[in-house]
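Okay, structure first, notes after.
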Amino acid sequence: MPHAELSYSADLTIDAGAILSEIEAIISSHDDTAGDTKGRAYPADIYHHTHFKATIALLAKPHRNAAFLAALNADLSAAVAKHLPRPCWMSIDLVFSGAGYNTELLT
């Protein structure tokens with residue numbers, strides 16, 4: 001189950017929920033075994049320069065290689081950029097969760 005964390009300067013007027021939904025759809029289009037993407041957004045009231053950063057954490061799997069990451073990053077960058085005003089620094093960071101990561105649905 002991927003995680004998407006958005007952190008951005010509070011001067012941006014964006015629809016973080018729409019961005020998170022689009023991120024989930026793009027991840028699923030690249031890997032239909034990924035499952036739901038847990039998302040959260042953190043606007044920063046104190047910041048230096050207008051910016052947006054999306055950190056996407058995935059589990060390491062054999063098919064998630066360099067080519068997979070490059071294609072996913074390109075699609076995520078293009079999609080997110082459409083939501084951001086100009087000028088704005090944008091960063092997309094794809095990372096792998098550590099070996100000790102565990103997730104479960106508590107019911």
Side-chain angles (χ1 to χ4, degrees):
M1 178 173 290
H3 287 259
E5 291 192 2
L6 312 181
S7 58
Y8 52 93
S9 55
D11 64 329
L12 293 178
T13 303
I14 60 172
D15 184 345
I19 294 170
L20 289 169
S21 292
E22 193 162 358
I23 287 171
E24 180 176 59
I26 291 168
I27 292 170
S28 292
S29 75
H30 282 264
D31 184 350
D32 61 3
T33 68
D36 295 337
T37 298
K38 292 182 269 189
R40 60 205 65 79
Y42 305 104
D45 290 331
I46 301 170
Y47 59 89
H48 188 64
H49 302 293
T50 298
H51 69 278
F52 174 95
K53 180 181 180 186
T55 302
I56 316 300
L58 305 160
L59 292 175
K61 295 184 178 183
H63 66 280
R64 294 180 178 164
N65 56 23
F68 171 88
L69 292 176
L72 180 58
N73 199 320
D75 287 350
L76 288 170
S77 294
V80 169
K82 294 176 186 177
H83 291 272
L84 302 178
R86 304 314 193 257
C88 179
W89 286 99
M90 180 186 78
S91 302
I92 306 292
D93 188 16
L94 299 177
V95 299
F96 289 114
S97 299
Y101 176 79
N102 177 58
T103 190
E104 58 189 277
L105 176 61
L106 303 177
T107 59

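Because the structure is a prediction, the values reported are computed rather than measured. For reference, positions follow the sequence shown, starting with 1.
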Suppose we screen for side chain to side chain contact (heavy atoms under 4.5 Å, CB included). Which residues come up paired with Asn102, at least two apart in sequence or across chains?
Glu104
Quick one: does Leu12's side chain get under 4.5 Å of Pro85's, heavy atoms only?
yes
Among residues two or more places apart or on two chains, list those pairs meeting salt bridge (Lys or Arg N to Asp or Glu O under 4.0 Å) that have a residue in residues 15-42.
Glu5-Arg40, Asp31-Arg64
So do the side chains of Tyr8 and Leu84 get within less than 4.5 Å of each other, counting heavy atoms only?
no
Validation row: Ile23, Leu6 side chains within 4.5 angstrom (heavy atoms):
yes
Would you name the heavy atoms of Ile27 and Ala34 that are closest together and state the gap between them?
CG2-CB, 3.7 Å
Could you tell me whether His48 atom NE2 has more than 12 heavy atoms of other residues or ligands within 6.0 Å of it?
no
Can you name the closest pair of heavy atoms from Pro2 and Gly35 and give their distance?
CD-O, 4.2 Å
With sequence neighbours left out, what residues match Thr37 under side-chain hydrogen bond (donor to acceptor under 3.5 Å, both in side chains)?
none
Taking the side chain as every heavy atom from C-beta outward, state whether Thr103 and Leu59 have any atom pair closer than 4.5 Å.
no
OG of Ser7 to CZ of Phe52: how many Å apart, nearest 0.5 Å?
8.0 Å
Give, for atom CD1 of Ile46 and atom OG of Ser9, the distance between the pair rounded to the nearest 0.5 Å.
13.0 Å
In chain order, what residues pass the ring-ring contact (aromatic ring centres under 6.0 Å, His included) check against His83, with sequence neighbours excluded?
none
Would you list the atom pairs, donor with acceptor, under 3.5 Å between side chains in residues 73-82 and any protein atom, with sequence neighbours excluded?
{"residue": "Asn73", "atom": "OD1", "partner": "Ser77", "partner atom": "OG", "Å": "3.0"}
{"residue": "Asp75", "atom": "OD2", "partner": "His30", "partner atom": "NE2", "Å": "2.6"}
{"residue": "Ser77", "atom": "OG", "partner": "Asn73", "partner atom": "O", "Å": "2.9"}

Working to the nearest 0.5 Å, report the span between OH of Tyr101 and CE of Met1.
7.5 Å
Tell me if the CG atom of Asp45 is crowded by more than 12 foreign heavy atoms within 6.0 Å.
no
Ser28 side chain to Ala25 backbone, donor-acceptor under 3.5 Å:
no
Heavy atoms, side chains only, cut-off 4.5 Å: are Leu94 and Phe68 in contact?
no
Considering residues at least two apart in sequence or located in another chain, which fulfil the ring-ring contact (aromatic ring centres under 6.0 Å, His included) criterion with Tyr47?
none
